Number of protein chains: 2
Amino acid sequence: MRNRLKVLRAERGWSQQDLAERLEVSRQSVNAIETGRYDPSLPLAFRIADLFGMAIEEIFQRGE
Amino acid sequence: MRNRLKVLRAERGWSQQDLAERLEVSRQSVNAIETGRYDPSLPLAFRIADLFGMAIEEIFQRGE
DNA sequence: GTGCCGTGTCAATGACGCTTGACAAACCAG
DNA sequence: CTGGTTTGTCAAGCGTCATTGACACGGCAC
């Protein structure tokens, strides 16, 4: 899966740490998802979508 | 997460085995997701949404 | 009744998601 | 140059996702 997390985060001027706190996950998890080392669980994908006010499909796309 | 998998499957007259084959997962995985024993991975959630021609959010909702 | 199908569930195994703690490199501030 | 922030990455550990193989039960055909 590809994702637009890094862009969305940068648009808001947040560090990985900031985002991690808002999502209630570790900074390493945010980093791993951004760098494509793994995909988030479905519940976390929902929290991410909620935080950015978007649909999951607008943030995550197949590919890679 | 709650999900409407069982209903959507029944609407199409598919067995768990039928659905499992279309999703390329085991029958046990379909059953576990339907009975709420665990949530699918994000990639599998995408395959499910694609199969039913719906958004992930239309099939899976928070709760439980 | 016997047989088959669909479903629910168990155990064991392997891969993935997420954690904490740590370290290094790049960057800019002072 | 020194110090703080940010990012990338590693390792170890634990719980979850998904697998195969197996078993039990209810429903329906015959």
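Just so it is clear, the model here is predicted, and its values are computed rather than measured. Convention: sequence-line order gives letters A, B, ...; per-chain numbering from 1.
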Peer 1: Do any N or O atoms from the side chain of B/Gln61 and from the backbone of B/Met1 form a donor-acceptor pair under 3.5 angstrom?
Peer 2: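 Pair absent, no side-chain N/O of B/Gln61 close to backbone of B/Met1.
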
Peer 1: Please list, chain by chain and in numerical order, all residues satisfying side chain to side chain donor-acceptor pair (under 3.5 Å) with B/Asn31, sequence neighbours excluded.
Peer 2: B/Gln16

Peer 1: Using the salt bridge (Lys or Arg N to Asp or Glu O under 4.0 Å) rule, collect all pairs that involve residues 38-51 of chain B, keeping only residues at least two apart or in two chains.
Peer 2: A/Arg62-B/Asp50

Peer 1: How sharply is the helix from C/dG1-D/dC30 to C/dG30-D/dC1 bent, taking the axes over five pairs at either end and rounding to 10 degrees?
Peer 2: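 Between the first-five-pair axis and the last-five-pair axis there is 30°.
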
Peer 1: B/Asp18: what forms a side chain to side chain contact (heavy atoms under 4.5 Å, CB included) with it, not counting sequence neighbours?
Peer 2: B/Trp14, B/Ser15

Peer 1: With salt bridge (Lys or Arg N to Asp or Glu O under 4.0 Å) as the rule and sequence neighbours excluded, what pairs involving residues 6-16 of chain A come up?
Peer 2: A/Arg9-A/Glu34

Peer 1: Run the side-chain contact (heavy atoms from CB on, under 4.5 Å) check on B/Leu51 and B/Leu19 step by step: do they pass?
Peer 2: CA-CA 9 Å; B/Leu51 179 62; B/Leu19 178 54; 3.5 Å; yes

Peer 1: Between A/Pro40 and A/Ile33, what is the shortest heavy-atom contact and its length?
Peer 2: CB-CD1, 3.7 Å

Peer 1: Can you list every pair that meets ring pair (Phe, Tyr, Trp, His ring centres under 6.0 Å) and has a residue in residues 17-42 of chain B, with sequence neighbours left out?
Peer 2: none

Peer 1: Among residues 10-19 of chain A, which residues get a heavy atom nearer than 4.0 Å to DNA chain D?
Peer 2: A/Ser15, A/Gln16

Peer 1: In B/S/- notation, 5' to 3', how is nucleotides 17-28 of chain C contacted by protein heavy atoms closer than 4.0 Å?
Peer 2: SBBBBB------

Peer 1: When rounded to the nearest 0.5 angstrom, what distance separates CD in B/Glu58 from CG in B/Leu8?
Peer 2: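 That separation rounds to 9.5 Å.
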
Peer 1: A/Met54 and A/Leu44: same hydrophobic cluster, using ILVMFWY side-chain contacts below 4.5 Å?
Peer 2: yes

Peer 1: Holding to side chain to side chain contact (heavy atoms under 4.5 Å, CB included), I want the full list of residues that pass it with B/Gln28, two or more places apart in sequence or in another chain.
Peer 2: B/Ser26

Peer 1: Going 5' to 3' along DNA chain D, which nucleotides are the first and last within contact of chain B (any atom under 4.0 Å from a heavy atom)?
Peer 2: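 First-to-last contact on DNA chain D, by the 4.0 Å heavy-atom rule, is D/dC17 to D/dA22.
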
Peer 1: For residues 21-33 of chain B, which residue pairs qualify under salt bridge (Lys or Arg N to Asp or Glu O under 4.0 Å), counting only residues two or more places apart or in two chains?
Peer 2: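 Found none.
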
